[in-house]
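Beneath this line is the structure, given in structure tokens, with notes to follow.
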Amino acid sequence: MTRPFPPMARPDPDFRTAARRHQATLTKPPGSLGRLEQLAADLAAQQRRTHPRVDHVQITVFAADHGVCAEHISAFPQEVTGQMVANFAAGGAAISVLARHLNARLEVVDVGTAAPVPPMDGVYSQPVAAGTDNIAVAPAMSADQLARALAVGDQAAERAGEADIELFVG
């Protein structure tokens, strides 16, 4: 599988070190913020800044149905997926509220719902299949479907990059 855009630059360890050095000067016990300190240092390394920024955030929700639902393992039927996509786009879901709170750009990508989702603002329709196959009886996806689904994710990341997004959550 070839990527439609160049890969992101590798994180720069010098910026990670500089961010950790800066954290050591803050008025707090070392390590008191737990995993957050590591994430901040990793983001600094990726952004190549001592002080990472997250002023421009994009959240992408990928929606699809799973064939294994035929095994009655889900609390909700597949028909709910399309309703959730509409709720995400309309701003009524928890992730929508979080996005608004962060002033983040929110997009929803239909990668393969069992029932077609009607066109709506904020929703990209990029179905790979009408849901996956039931993994309890067969592979969920073919190698080609997997490659296409990963390409959909790459395209979302590319849109984020083109919009100068500093933090992409997908």
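These numbers come from a predicted model, not from an experiment.
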Taking the side chain as everything from C-beta on, heavy atoms only, tell me whether Val123 gets closer than 4.5 Å to Val109. no

Verify, without hydrogens or angle tests, whether Asp65 (side chain) and Ala114 (backbone) share a donor-acceptor contact under 3.5 angstrom. yes

I'd like to know if the side chain of Gln23 and the backbone of Pro30 have a donor-acceptor N/O pair within less than 3.5 Å. no

Sequence neighbours excluded, every pair satisfying side-chain hydrogen bond (donor to acceptor under 3.5 Å, both in side chains) that has a member inside [range]:
range: residues 114-133; result: Gln126-Gln155
range: residues 87-105; result: Gln58-Arg105
range: residues 159-170; result: Arg49-Glu166, Glu107-Arg159

Contacts of [X] that satisfy side-chain contact (heavy atoms from CB on, under 4.5 Å) - sequence neighbours left out:
X: Thr17; value: Arg21
X: Pro77; value: Glu79, Val80
X: Thr25; value: His22
X: Val57; value: Val54, Ile59, Ala104, Leu167

Looking at Asp12 and Arg16, does any basic side-chain N land under 4.0 Å from a carboxylate oxygen? no

Would you say Val111 and Leu146 are hydrophobically clustered, going by side-chain heavy atoms of ILVMFWY under 4.5 Å? no

Check whether Met84 and Val117 end up in the same hydrophobic cluster, where Ile, Leu, Val, Met, Phe, Trp and Tyr are linked by side-chain heavy atoms less than 4.5 Å apart. yes

Filter on ring-ring contact (aromatic ring centres under 6.0 Å, His included), then keep only pairs touching residues 61-95, sequence neighbours left out; what's left? none

Nearest-0.5 Å distance that lies between atom CD in Glu158 and atom CG in Asp154: 8.5 Å

Nearest 0.5 Å please: distance from the CG atom of Leu98 over to the CG atom of Leu106. 10.0 Å

What heavy-atom pair brings [X] and [Y] nearest, and what distance separates the two atoms?
X: Met141; Y: Ala149; value: CE-CB, 3.8 Å
X: Ala160; Y: Phe168; value: CB-CD1, 3.6 Å
X: Pro52; Y: Ala40; value: CG-O, 3.5 Å
X: Met120; Y: Ala86; value: SD-CA, 3.6 Å
X: Ala41; Y: Ala19; value: CA-CB, 4.0 Å

Using atom types as modelled, flag every donor-acceptor pair under 3.5 Å from a side chain in residues 31-38 to any protein atom, sequence neighbours excluded.
from: Ser32; atom 1: OG; to: Pro29; atom 2: O; distance (Å): 2.9
from: Glu37; atom 1: OE1; to: Gly31; atom 2: N; distance (Å): 3.3
from: Glu37; atom 1: OE2; to: Lys28; atom 2: NZ; distance (Å): 2.9
from: Glu37; atom 1: OE2; to: Gly31; atom 2: N; distance (Å): 3.4
from: Glu37; atom 1: OE2; to: Ser32; atom 2: N; distance (Å): 3.3
from: Glu37; atom 1: OE2; to: Leu33; atom 2: N; distance (Å): 3.0
from: Gln38; atom 1: OE1; to: Arg20; atom 2: NH2; distance (Å): 2.9
from: Gln38; atom 1: NE2; to: Asp42; atom 2: OD1; distance (Å): 2.7
from: Gln38; atom 1: NE2; to: Asp42; atom 2: OD2; distance (Å): 3.4

With sequence neighbours left out, what residues match His56 under ring pair (Phe, Tyr, Trp, His ring centres under 6.0 Å)? none

Side-chain heavy atoms under 4.5 Å apart, restricted to Ile/Leu/Val/Met/Phe/Trp/Tyr: what other residues fall into the cluster of Ile135, or is it alone? Val68, Ile73

